[in-house]
Amino acid sequence: MSGPGDAFRPAYTAGLALCLGLPALAALLLLTGAIPAGDQPPEGLVQQVGYQLTGLVFLAAAIVFSRRTRAFARLAALPPADRPAAARRECLVVGAIFQVGVCCGLAYWAMVGTHAPRHTWGFLLTTPMLYVALVPRPARWAKASEG
């Protein structure tokens with residue numbers, strides 16, 4: 001049974017695969033010890049850096065949220081045959097923007113890994129969670145492409 005968003009499902013899935021795959025790869029690197037854990041206590045300057053990294057993740061979410069309306073407007077202006085490819089491109093760009101969470105998690109691990117591993121895992125888990133929360137589902141892409 002086909003639905004209105006079937007043409008856009010591969011676009012959403014590609015972005016989701018990116019947002020699941022790279023955090024999984026980073027987790028594998030952390031668990032195998034390929035990236036050594038830092039041993040600085042999370043206080044003072046290191047704590048401030050952690051706050052800045054968290055702010056970068058929220059900034060990425062704000063950028064993605066603000067792109068949505070413009071992406072829908074651009075999608076409606078395209079010929080119907082080009083719309084799924086444009087949606088795939090947008091989903092992959094958004095997935096790439098959310099990778100800032102992975103980078104922040106790895107940086108935090110390198111600073112304070114032995115003292116606050118839960119914060120590192122939080123950074124890694126925000127990537128797929130933000131994608132699922134902020135990227136429109138395939139049916140919404142289909143509705144936006146209709147104009």
Just verifying a value: how many Å separate Arg89 CZ and Asp82 CG, rounded to the nearest 0.5 Å?
8.0 Å
Backbone of Pro117 reached by a side-chain donor or acceptor of Trp109 within 3.5 Å
no
Residue pair Pro42 / Tyr108: nearest heavy atoms and the distance that separates them:
CB-OH, 3.7 Å
Do Leu124 and Leu31 sit in the same hydrophobic cluster, where Ile, Leu, Val, Met, Phe, Trp and Tyr count as joined when their side-chain heavy atoms come under 4.5 Å apart?
yes
Between Leu56 and Tyr51, is any pair of side-chain heavy atoms under 4.5 Å apart?
no
Side-chain touch Glu90/Arg74, heavy atoms, less than 4.5 angstrom:
yes
Is the shortest heavy-atom distance from the side chain of Val46 to the side chain of His115 under 4.5 Å?
no
Closest non-hydrogen contact found for Leu22 with Val102 is O-CG1, 4.3 Å
Got Leu53 and Met111 here, is their nearest side-chain heavy-atom distance under 4.5 Å?
yes
Do Leu16 and Met129 share a hydrophobic cluster (ILVMFWY, side-chain heavy atoms under 4.5 Å, transitive)?
no
If hydrophobic clusters are built from ILVMFWY residues whose side chains come within less than 4.5 Å, do Leu130 and Leu25 share one?
no
Write down the atom of Ala27, the atom of Trp121, and the distance for their closest heavy-atom approach.
CB-CZ3, 3.4 Å
May I ask you to decide if Ala77's main-chain N or O and Arg83's side chain share a donor-acceptor pair within less than 3.5 Å?
no
Establish, yes or no, whether a centroid distance under 6.0 Å links the rings of Phe65 and Phe58.
no
Look at the side chain of Ser145 and the backbone N and O of Ala76, then say whether any donor-acceptor pair between them is shorter than 3.5 Å.
no
Look at the side chain of Tyr131 and the backbone N and O of Leu18, then say whether any donor-acceptor pair between them is shorter than 3.5 Å.
no
Determine, using the 4.5 Å side-chain heavy-atom cutoff (strictly less than), whether Leu59 and Val64 are members of one ILVMFWY cluster.
yes
If only atom types and distance count, is the side chain of Trp141 paired as donor or acceptor with the main-chain N or O of Pro136 below 3.5 Å?
yes
Identify the two heavy atoms, one from Val112 and one from Gln40, that lie closest to each other, and give their separation to 0.1 Å.
CG1-O, 2.9 Å
Taking all heavy atoms of Asp39 and all of Thr114, pick out the closest pair and write down the distance.
CA-OG1, 3.4 Å
Decide whether Val94 and Val57 are clustered together by the hydrophobic rule: side chain heavy atoms of Ile, Leu, Val, Met, Phe, Trp, Tyr closer than 4.5 Å, transitively.
yes
Counting C-beta onward and ignoring hydrogens, is there a side-chain heavy-atom pair between Pro128 and Pro23 closer than 4.5 Å?
yes
Let me confirm one number: the OG1-CD1 distance from Thr127 to Ile97, rounded to the nearest 0.5 Å.
12.5 Å
Can you check whether Leu134's main-chain N or O pairs, donor with acceptor, with Arg68's side chain at less than 3.5 Å?
yes
Correct closest heavy-atom pair for Ala144 and Phe72 would be CB-CD2, 3.4 Å
Pairwise side-chain contact, Leu106 with Leu29, heavy-atom cut-off 4.5 Å (strictly under):
no
Using side-chain heavy atoms (C-beta onward) and a distance below 4.5 Å, is Gln52 in contact with Cys104?
no
